[in-house]
Amino acid sequence: MKFAPSLLALSVLAAIGAPVAMAQQADANSNTDTKAQAAQQRMERLVITSSRMEKPLSAIPNTVTVIDQETLKQQLAGTRDLSSIIGNLAPSFSPSRQKMSNTGETLRGRAPLIMIDGVPQSNPLRSGGRSGQTIDPDMIERIEIIHGANAMHGMGAQGGIINYITKKPDGSGNKISVDVSAPTSFESDSLSFGANYAFSGRADNLDILGSVGYHSSGVYYDANDQVIGVDTTQGESMDSQSKDVFIKLGYDMDKSRLELMVNHFRLDNNGDWMSQKGSVANDIPTSAVKESQPWEGANNRVTTTSLSYKHFDIAGQQLEVQLFNQDFQGVYGGGCFASFYDPEFDSAPGLTQCGSGTNGENLYYEQSRNQSNKWGLKTSLIANNIADSGVDLAYGLDLFSDTTEQDLVQTGVSWVPETRYQNIAPYAQLSLSPLEALNLSAGIRYEYAKLKVDDYKTLWSSGDKQITGGEPDFNQALFNVGLSYNFTPSLRLYTSFSQGFGMADIGRILRDGNSFPADNPSVETSLSLEPVVTDNYELGIDYQGDMFAAKVAAYHSGSDLGARLERNQDGFYSVKREKTLIRGIEASLSAYLGDDDTLGLNMAFTEGEYDSNKDGRTDTDLDGANIAPNRINLHWEHSFAFDATSRIQLNYFMDREFHKADGSLYAEFDSYYTVDASLSLPLYGGSLTLGLQNLLNEDYYTYYSQTVPNDTRYFKGMGRTLSLGYSRAF
């Protein structure tokens, strides 16, 4: 009886699909474009804006995943979690934690740079794991993912780039969308719902797009109809509300365009549920009870602004200039943490006592707040086919400034001192085709960065150390070279070498007194502040035929001075600077069964190690906070005669063991699988979507919970969840 709703859903999808598929097969000869031909045409039309040279997908010597609007809608029918969606379609991305925090969610085992229209959302100076929650999915047109370390957009892309491209004004008028979801147990407090209103218009040379969205998330339940535990420290997405206001204005002039984009996103946990500790040793999941949290609910408040100017012909070159700002504030949940205790506040008014520490000290509830303000200027000049030589050149200068601080909300004490980062980076990227079938590319980006930190003192629990400030600076030249060769119009081989550049979460290092020597601790002389430079090698092959398509890539990613996350007893992470090495294989296969059906298979196999004893050789497995599981994704898509589409997908996460240098086991992951289904069909001039997440109601602990075991975060995954949505333009 437990699987009755699942079998019913499968039967409904099959019953709808079978007769329609037979009717379409009888009509197949009248359809001149096969699905394979349409896919090939879409690939050639796609311009990957994240590449800085706006090259077609087939000319980029890297693995690229593009989640277009149609595919994004299919995924949103079942879940609004962007991390889950990216993982479904780019399996080298870590499984979603299903929380407000995305700490530990990596791409190819390293942190990706998340952007909105090229504006960085990641906070590299104090990476608090909130960069995945800065925009409503309804505002996104497509998602471009460039796999592997690169420096095309500067700091932070050691694992690759995830660029959310927002919707563009099309003059289509008004559109309203509503959605509702709940676990199939239909508990009264589990209901989630939302609405979005958008308008688009054009008058002469001016166009505008505006959108307002609201979404309320209910309580999450596992496959056993038990409340899933809440993450009251890093942040919880269940029992929360999000609001998003988006506007884009464009003005077309002679051979040029000016465009302004502003997006304001706010996500607030209601703070109505408290965590109940589980037990990893006794297989008891962390749960929750309805009880008001004695601190401010965790939240994200992010405003992203971009002013872009393009001129399509300045002495035969194209000019692109983007001025951007991101203003971020993230409040984390509270707790009774020994890490935040300070005897100076033993008798301070307004603090709520919550227990005793190991030495008898009176602990009090406390929480932290991360604030970051980023400004940047990107400039590019693009010269195509210079002197009829077939050579394309993009060159320019990027400027970037970031001011970040993390303080404690109740006492106002600075945990991470105000840190100011300034960066200037000239770059040049060359592309040429000496043969019609051969494309070569090479580029260099020179990074000059300065970090400024005033004198400060660490928290009492971190030694109460007085740290001398300083202005360390870094110089780094970053290179890339790539080759793409088309054996036939359908078959392409590519290979590349590229370097990525990032900072090793300066905030975690600065707040940790153990990062500095006991005598004369100084920011200026600390080796742990050196940047992370990642070398990425890749070899891949793409095939696009009439009945079959395939993409396979192997990669090798190494860093002589990496940045591994290690958790302490309070659940806070410190950064360990060690040599790291990650290798993997990615594959994507599609079979076109006529014009109406597509079968797909995505795979990712990754292994990673770090140097635990600093002898120059990697010897210990990276854990689940740093690397994704091996996994296989299967899917079947069907198109119906009445413009409806369906998709069934399976995600299988394989067993994994994590070993120390001596071969002993220190963590392990038990495999699980989930099945999702979605259906979209036209209805009354609009579109109705039906989605079932975890269709077979698989009972499992999340990947992060298993591989970074902690009694306070031993969370199960969401059980079967039903979603309904409807949208209509008018």
Side-chain angles (χ1 to χ4, degrees), residues 46-55 57 60 62 64-67 82 86 107 111-124 131-132 134-135 139-147 149-169 209 246-250 257-265 302-312 318-328 372-382 394-402 423-427 429 443 445 447 478 480 498 500-502:
L46 275 175
V47 173
I48 308 303
T49 59
S50 306
S51 71
R52 299 294 293 261
M53 291 192 77
E54 297 194 349
K55 286 290 186 180
L57 183 61
I60 296 177
N62 303 89
V64 178
T65 299
V66 178
I67 304 174
L82 286 170
I86 292 171
L107 180 62
L113 173 62
I114 297 177
M115 304 190 298
I116 296 176
D117 288 347
V119 180
Q121 301 299 295
S122 305
N123 296 302
S131 56
T134 62
I135 189 170
M139 317 299 177
I140 299 172
E141 176 67 28
R142 71 180 187 276
I143 303 173
E144 297 179 354
I145 305 171
I146 299 180
H147 301 233
N150 67 78
M152 287 180 285
H153 290 271
M155 179 172 61
Q158 295 102 308
I161 290 172
I162 300 174
N163 194 11
Y164 299 134
I165 308 297
T166 60
K167 293 181 176 178
K168 292 179 170 54
L209 171 66
F246 172 83
I247 190 166
K248 182 176 283 188
L249 289 167
R257 177 175 173 82
L258 183 66
E259 187 171 270
L260 172 69
M261 183 276 290
V262 180
N263 186 76
H264 177 71
F265 177 81
V302 189
T303 302
T304 303
T305 307
S306 170
L307 180 63
S308 302
Y309 175 74
K310 286 187 178 182
H311 197 293
F312 302 98
Q318 178 175 310
L319 171 68
E320 298 183 5
V321 180
Q322 182 187 36
L323 175 66
F324 65 82
N325 172 257
Q326 193 230 27
D327 188 19
F328 169 87
S372 177
N373 191 276
K374 294 186 280 290
W375 286 92
L377 178 68
K378 295 180 179 180
T379 61
S380 299
L381 277 166
I382 302 172
Y395 60 101
L397 180 70
D398 292 349
L399 306 176
F400 182 72
S401 173
D402 186 348
N423 170 255
I424 180 170
Y427 75 93
Q429 188 73 29
R445 182 182 176 97
E447 297 276 353
L478 303 163
N480 70 81
S498 58
F501 165 81

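Worth saying up front: this structure is predicted, and the values here are computed from it rather than measured.
- Annotation: side chain of Q121 is in contact with side chain of V302 (closest heavy-atom distance under 4.5 Å).
- Contact of the Y309 side chain with the L323 side chain is not registered, since no non-hydrogen atoms from C-beta on lie closer than 4.5 Å.
- Here the straight-line distance linking atom CD of E320 with atom NZ of K310 works out to 4.5 Å at 0.5 Å rounding.
- Considering all non-hydrogen atoms of both residues, F312 and R257 come closest at CE1-N, 4.4 Å.
- Distance alone, capped at 3.5 Å, places no donor-acceptor pair between the T305 side chain and the V262 backbone.
- Shown here for S122 and P112, the closest heavy-atom pair between the two residues is OG-O, 3.7 Å.
- Distance alone, capped at 3.5 Å, is enough to place a donor-acceptor pair between the N163 side chain and the G118 backbone.
- You'll find the side chain of I135 stays beyond 4.5 Å of the side chain of T304, heavy atoms only.
- Counting heavy atoms from C-beta on, the side chains of I140 and L82 come closer than 4.5 Å.
- Closest non-hydrogen pair, M261 versus F246, comes out as CG-CE1, 3.5 Å.
- Using a 4.5 Å cut-off on side-chain heavy atoms (C-beta onward), Y164 and T166 make no contact.
- Atom CG of L107 sits about 7.0 Å away from atom CD1 of I145, to the nearest 0.5 Å.
- With sequence neighbours excluded, the residues forming a side chain to side chain contact (heavy atoms under 4.5 Å, CB included) with L397 are T379, L399, I424, P426, listed by chain and number.
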Just do the side-chain contact (heavy atoms from CB on, under 4.5 Å) check on L209 and K168 with the steps written out, would you?
-> CA-CA 7 Å; L209 171 66; K168 292 179 170 54; 5.8 Å; no
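- Side-chain contact between S372 and K374 is present, with at least one heavy-atom pair separated by less than 4.5 Å.
- Considering only heavy atoms from C-beta on, K378 stays 4.5 Å or farther from F400 through its side chain.
- Taking CE from M115 and CD1 from I143, the interatomic distance works out to 12.5 Å, rounded to the nearest 0.5 Å.
- Between atom CG of residue N325 and atom CG of residue L307 there is a gap of 12.0 Å, rounded to the nearest 0.5 Å.
- A donor-acceptor distance shorter than 3.5 angstrom exists from the side chain of Q322 to the backbone of D117, with no hydrogens or angles considered.
- Side-chain polar atoms of S131 and N123 form no donor-acceptor pair below 3.5 angstrom.
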Dump the intermediate steps for side-chain contact (heavy atoms from CB on, under 4.5 Å) on T134 and I114, then the final yes or no.
-> CA-CA 10 Å; T134 62; I114 297 177; 5.6 Å; no
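- With sequence neighbours excluded, the residues satisfying side chain to side chain contact (heavy atoms under 4.5 Å, CB included) with N480 are Q429, S498.
- With rounding to the nearest 0.5 Å, the separation of CG in L478 from CZ in R445 is 8.0 Å.
- Within the 4.5 Å cutoff, no side-chain heavy atoms of I161 are placed close to those of E144.
- Of all the heavy atoms in L377 and F324, the pair that sits closest is N-CE2, 4.1 Å.
- Once rounded to the nearest 0.5 Å, the distance linking CE of M155 with CG of D398 reads 12.0 Å.
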